[in-house]
Amino acid sequence: MTTPPTKRSPASLPERWWGDVTLVPGEEEGLLLGPVGLRIRRRRYEWTVGVRRDPDADPLRVARGPGVVEGDVELARFGMEEPGDTLRLLPVLAPRPVACRPEIPFVLVPRQAVRAYVSTPLWLRVSMPDGTVLVDIDIHRPSGSWFGPDTLEGELCYASRTMLRLHPEDVQHVPHRAMTEVHLRNPAETPLRVSQVAVPVPRLSLGTDSAGHLWTQSLTMGVEPGGLAAVSIGELPAGTEVLQRPVHSPLERRFTRTLTHLLR
Amino acid sequence: MDVTELWASINEQLGAEVVAAFVRVGTLVVVGLPMAWLAARAIGGLARRGLGPSTATTFRRFAWYGLFAAVVASVLRELGFDLSVLLGAAGILTVALGFASQTSASNIISGLFLLGERPFDPGDVIEIEGTIGVVTSIDLLSVKLRTVDNLYVRVPNEALVKARIVNRSRYPIRRVDLRVAVAYDSDLDQVEEVLRELALDEPLALSDPEPVFQVLAFLDSGVDLQFSVWVSTQDILAASTTLRRQLLERFRAVGIEIPFPQRVVTVRQEPAVSPDDR
């Protein structure tokens with residue numbers, strides 16, 4: 001069973017592009033999601049998943065249906081005795097933390113706190129209905145980065161740019177990115193220069209609100225008395241349906257030795 | 001004949017003391033050896049938590065040999081052997097063995113130093129005296145490597161302690177230095193811009209720490225440059241090849257010349273000399 005091709009304009013975004021794909025042998029289904037095209041085909045004893053990348057495509061495009069993905073694809077085959085008639089498409093958070101660098105340098109003045117919004121890239125997961133993962137596809141291939149005070153101590157992560165919007169209405173939701181609300185606090189007497197914000201996405205849950213926007217749990221970051229930096233993980237926005245639980249164990253409250261390890 | 005009668009008969013024929021000694025020996029063997037084995041395993045388990053699997057294996061082996069020797073000594077004492085004679089003989093034997101196995105002893109002691117210092121772990125890629133390979137095991141006498149072309153290399157511990165070891169996978173990120181020369185008429189600002197775009201577009205290149213652009217020297221045929229890009233250690237091979245290929249393609253695309261070695265040769269025209277002038 002397939003849905004007819006439906007091209008959606010950015011004005012009608014966001015929408016739920018994820019969900020189940022039900023096909024009989026010989027049928028195919030396609031998904032255009034920003035720079036990635038996905039073509040799924042059901043055969044008697046296998047599923048084939050084809051990926052086409054178009055880096056110059058409209059990042060907001062979303063289209064679903066047979067035939068929406070044209071041209072050559074990079075194919076992968078998944079054999080099984082009883083393939084069933086359903087595959088599941090899901091958005092999942094990046095497997096590493098994402099270091100978001102503000103486009104414009106941002107300074108938090110002494111004794112102030114703000115709520116900022118940063119978005120992180122999502123992966124597209126193709127899985128069986130029982131949760132068996134067939135493939136995780138990076139929708140936008142992010143560059144790698146290193147988040148730490150020096151080249152010995154730190155963590156490999158992905159790099160991203162952020163406008164660091166401070167008002168939720170200014171935020172532009174992209175269908176293949178998840179939004180995180182970050183509460184930045186600076187109780188110190190000196191300005192806090194925020195040159196990067198590391199979002200520990202493997203420790204966060206992913207959810208969707210009623211409008212189809214994708215959100216992670218919120219974060220609170222700031223300087224504690226004594227110079228220690230701290231991050232704590234909050235809740236998903238109210239009324240959000242959970243799509244993915246944290247990959248790593250969530251931290252209720254995590255202190256690190258230096259402020260530079262969290263906000264640089 | 002029931003068990004009581006059988007016991008009385010054995011006591012009568014062998015003597016109560018001999019029977020008691022055999023019972024103690026049996027108990028030592030039946031209880032002592034499994035206890036020693038369990039204790040060695042427990043020591044190995046404790047060592048594994050703090051010191052890693054290879055060190056733990058060595059600790060477990062040492063503990064087992066020591067406890068096994070203690071059980072054997074106890075058994076011999078129960079059987080009436082004079083251990084002082086044995087210890088004396090063992091001393092002489094140790095001296096003789098020491099002379100005969102100086103190299104092995106040196107390797108064992110070097111191995112203990114290596115286990116303490118831990119310059120590498122199994123799975124690390126190390127370079128020693130020109131050989132690069134993955135450490136497959138760290139043993140009492142030697143370290144085994146598997147080279148990238150699948151050769152098995154055994155390096156004695158003694159040699160490792162003396163040699164300069166480069167651990168290529170100790171840290172999670174490494175720097176790839178792209179060294180290239182450009183022609184003297186090249187616009188260095190444009191060269192730097194092309195190189196920075198190259199790093200920005202390559203997913204394997206880390207955006208932080210930022211790449212570093214350096215002018216190293218003025219060579220005979222061009223300006224010597226170095227562009228250093230940080231990458232994940234596990235991507236080092238793929239990244240260094242990809243970055244160099246892309247550098248070449250991008251330089252060609254924008255017309256930046258990588259000069260060949262060249263010499264300027266000036267030919268001086270001497271005035272012709274007629275035969276009459278000679």
Side-chain angles (χ1 to χ4, degrees), chain A residues 34-36 51 53-56 74 94-103 105-106 118 120-123 136-162 176 193-200 202 258-264, chain B residues 117-121 123-126 165-178 193-214 226-247 249-250 253:
Chain A
V36 155
V51 177
R53 294 188 182 275
D54 186 1
D56 299 326
E74 191 180 321
R96 290 183 199 162
V98 180
C100 301
R101 184 185 289 270
E103 293 281 359
F106 184 84
V118 297
T120 53
L122 289 169
W123 267 237
D136 280 340
I137 299 158
D138 46 346
I139 299 168
H140 165 72
R141 283 187 174 158
S143 289
S145 189
W146 178 253
F147 198 82
D150 53 45
T151 56
L152 304 182
E153 191 184 346
E155 193 171 14
L156 272 171
C157 56
Y158 291 114
S160 183
R161 310 287 291 189
T162 176
H176 47 85
R193 183 171 172 271
V194 181
S195 59
Q196 280 195 82
V197 178
V199 184
T258 60
L259 179 67
T260 53
H261 200 68
L262 284 172
L263 306 164
R264 294 204 305 132
Chain B
E117 191 185 351
R118 288 183 71 184
F120 49 76
D121 289 316
D124 283 358
V125 179
I126 64 166
I165 302 168
V166 180
N167 189 334
R168 291 175 170 244
S169 53
R170 169 59 65 92
Y171 301 121
I173 57 172
R174 280 180 57 190
R175 204 177 77 172
V176 176
D177 291 336
L178 305 174
E193 192 184 331
V194 167
L195 290 172
R196 290 198 180 278
E197 277 179 9
L198 165 89
L200 204 62
D201 294 344
E202 175 49 55
L204 294 178
L206 302 182
S207 56
D208 196 16
E210 284 186 14
V212 178
F213 175 80
Q214 289 173 277
Q226 181 169 298
F227 188 61
S228 305
V229 182
W230 287 88
V231 301
S232 163
T233 299
Q234 63 186 14
D235 295 332
I236 187 88
L237 283 177
S240 66
T241 300
T242 307
L243 288 166
R244 285 190 172 88
R245 285 181 66 155
Q246 289 193 9
L247 180 147
E249 286 170 15
R250 293 196 182 210

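Order of the sequence lines sets the chain letters (A, B, ...), proteins ahead of strands, with each chain counted from 1.
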Asker: Against chain A, label B:Leu204 side chain, backbone, both or neither, depending on which of its atoms sit under 4.5 Å from a heavy atom there.
Answerer: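 Neither part.
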Asker: Nearest heavy-atom pair of A:Ser143 and B:Ala205: which atoms, and what distance?
Answerer: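 In terms of heavy atoms, the two residues are closest at CB-O, 4.0 Å.
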Asker: Verify the neighbour count for atom CD of A:Glu103: are there more than 12 heavy atoms of other residues, nucleotides or ligands below 6.0 Å?
Answerer: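 Yes - once you tally the heavy atoms of other residues, nucleotides and ligands closer than 6.0 Å, there are more than 12.
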Asker: Find out whether B:Trp230 and A:Thr151 are in side-chain contact, i.e. whether some heavy atom of one side chain is under 4.5 Å from a heavy atom of the other.
Answerer: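 With C-beta onward as the side chain, the pair touches.
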Asker: Can you tell me how far the CG atom of A:Leu156 sits from the CD atom of B:Gln234, to the nearest 0.5 Å?
Answerer: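 Those atoms lie 7.0 Å apart.
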Asker: Determine whether B:Ser232 and A:Trp146 make a side-chain contact, defined as any pair of heavy atoms from C-beta on separated by less than 4.5 Å.
Answerer: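 A side-chain contact under 4.5 Å is absent here.
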Asker: Under a 4.5 Å cut-off applied to non-hydrogen side-chain atoms, are A:Phe147 and B:Asp208 in contact?
Answerer: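 When only atoms from C-beta onward are counted, B:Asp208 and A:Phe147 do not touch, as no gap falls below 4.5 Å.
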